[in-house]
There are 2 protein chains.
Amino acid sequence: MADICGRADGRFVMAGDSPGRTTYRVVQTEILRRITGGPWGPGTLLPTEEDLAQQFGCARATINRALREIDELGLIDRRRKSGTRVRLAPVRQARFEIPLVRAEVEATGAAYRYSLVHREMPDAPDWLRARLNLAPGAVALHLICMHFADGAPYQLEDRWINITALPQAEDHDFDLQGPNEWLIATVPFSEVEISFEATAAGVAEVTHLNHRSGDPVFHVKRTTWWQGAAITHVGLSYRAGHRMTARY
Amino acid sequence: MADICGRADGRFVMAGDSPGRTTYRVVQTEILRRITGGPWGPGTLLPTEEDLAQQFGCARATINRALREIDELGLIDRRRKSGTRVRLAPVRQARFEIPLVRAEVEATGAAYRYSLVHREMPDAPDWLRARLNLAPGAVALHLICMHFADGAPYQLEDRWINITALPQAEDHDFDLQGPNEWLIATVPFSEVEISFEATAAGVAEVTHLNHRSGDPVFHVKRTTWWQGAAITHVGLSYRAGHRMTARY
DNA sequence: CAGTGGTCTAGACCACAAC
DNA sequence: TTGTGGTCTAGACCACTGG
């Protein structure tokens, strides 16, 4: 937390900042301090924005921005007419970045390598037709790929692409570039549903990730839509011991 | 996406909204449309805020707010002097709410039940001393609890509490209320590190969650700090088939 | 009905970074 | 040096909602 000093004139300034100007960050920090450690415990009704603006010696817009961001953190509850109240139990949330495998691997300092294991275009199985909302008898592009970190298996990718919605995929060569990178370049802004679970290693994981049959596998499923149409569904299996971490 | 109409005077208004006033949401929606489906593909340099303000017929502050939020979505990259550019690959992130077990269970419509399985106060093991930064020879409160959904095992909680930092915990009775609920009421605003992984069922999971030995388990580890001191560390094991989902 | 937050405006100064 | 975003201000009107 930044150093804050209350001055004789009632203004607050960030230590080391040019005085005379109250920034919204200073207000934010001070209000957070009062909520998390000070007099404004859970359930407290805060002063109105106007009052706070007077107390801090700044414009109401500055208070508003500070409070709006504290609201986004899930610590307070704001309502017209009722005012701003400290939540009894803060709404906790964690944010995870969803990186490209390449970036994920290279961030660890390891060398990244990609390899296409399998490619075919069969009739879409029933579960996929349901997931991607495909017509009966539709075919889909099925790719199995491996991602390596310093030569060691890192992630197994089992992907299906809806070639009705994305016919360019049929002619694209996925030998050198992973389908995810191609898709991000082709359909950069999409809607995504992602889920995480623990599964047991099957034949594919045993073959490609050096798991033993039945070993626990950290598994991700992801479905992507673009302009209302389902584009692709992918299953990602990670090497043993993979862990996803966040702070909040 | 909301309906947008461009008017003869160059202003944009939300369909059904009172005309004559351009809201930041309208600006946002229109800019998003241009980025995700229109002329402003990846890499495009956007007009300056001032230019956009003129084009939309609104104040620069309105444009600023619209762009700031699009920036938070990870779609654009903003820099002084350089301007605002559409990211080549959007920075994707998923947000997960971290609910109380009780809320998690009750959200599914099931009845929630809690039970304290085990309680003791041994010397802290080495790995815990390292994790919570405890003095050599320190004792810690160890609790094992079960959470049920409609009578079926839902989550196994293996928790350690630092009683040096939180001495009230020693005298509290955890028979009726889970330690998490007590902690949230006692230490509402804390720093958290959380991680997810797939592990193999051990003795505890076999005993309490009806897993078979070695079964894949979705496992969460969480460490919590308050005012610089580590308060508690908990391991959460979920029933078979548990899945965590988000959209973005 | 009236209090409170939600948002817009016009103008201003500043900080940073590319040149 | 200068262009661009970052932020503050003072004032205003509006929308929601509790009493």
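Chain naming here is simple, since letters A, B, ... match the order of the sequence lines and numbering starts at 1 in each. Treat the numbers as computed from the prediction; the structure is a model and nothing was measured.
- As rounded to whole Å, 12 Å separates atom P of C:dG5 from atom CZ of A:R85.
- Rounded to whole angstrom, the span from the CG atom of A:L46 across to the C1' atom of C:dG5 amounts to 13 Å.
- Contact check, A:T62 against D:dT9: a side-chain N or O comes under 4.0 Å of OP1 or OP2.
- Here B:N64 does not reach the OP1 or OP2 of D:dT7: none of its side-chain N or O atoms lies under 4.0 Å away.
- Atom CD in A:E50 sits roughly 14 Å away from atom C1' in C:dA2 (whole-Å rounding).
- The side chain to side chain donor-acceptor pair (under 3.5 Å) test applied to A:R60 returns A:E49, not counting sequence neighbours.
- Put simply, the side chain of B:R60 and the base of D:dG6 share a donor and an acceptor less than 3.5 Å apart.
- Looking at heavy atoms from C-beta onward, A:I76 lies in side-chain contact with A:R78 at the 4.5 angstrom threshold.
- Between A:S82 and C:dG5, a side-chain N or O to OP1/OP2 separation shorter than 4.0 Å is absent.
- The side chain of B:A61 lies closest to C:dA10 when the candidates are D:dA15, C:dA10, D:dG5.
- Side-chain N/O atoms of B:R79 and base N/O atoms of C:dA17 include no donor-acceptor pair closer than 3.5 Å.
- Per the geometry, CD1 belonging to A:I70 stands 13 Å off P belonging to C:dG6, to the nearest Å.
- Distances shorter than 4.0 Å separate none of the side-chain N or O atoms of B:T48 from OP1 or OP2 on D:dG3.
- In this structure, the nucleotide among D:dT7, C:dT7, C:dA18 sitting nearest to the side chain of B:K81 is C:dA18.
- In the interface, the side chain of A:R80 is paired with the base of D:dA15 through a donor and an acceptor atom under 3.5 Å apart.
- Listed pair A:R65 / D:dC8 fails the phosphate criterion, with no side-chain N or O lying under 4.0 Å from OP1 or OP2.
- None of B:R102, B:R239, B:E104, B:E157 except one satisfies the side-chain hydrogen bond (donor to acceptor under 3.5 Å, both in side chains) rule with B:H147; the exception is B:E157.
- Residues B:E30 and B:F56 form a side-chain contact, since some pair of their non-hydrogen atoms from C-beta on lies under 4.5 Å apart.
- Each of A:A59 and B:T84 was matched to the nucleotide of DNA chain D holding its nearest heavy atom; the match closer to the 5' end belongs to B:T84.
- Whole-Å rounding puts the A:R78 CZ to D:dG18 P distance at 15 Å.
- A straight line from CG of A:D77 to P of C:dG5 spans 12 Å, rounded to a whole angstrom.
- Remark: the A:T44 side chain and the A:R85 side chain contain no N/O donor-acceptor pair separated by less than 3.5 Å.
- For B:E69 and D:dG5, the CD to C1' distance is 16 Å, given to the nearest whole Å.
- Under 4.0 angstrom from either OP1 or OP2 of C:dT7 there lies at least one side-chain N or O belonging to B:R25.
- Between B:E49 atom CD and D:dC8 atom C1' there is a gap of 14 Å when expressed in whole angstrom units.
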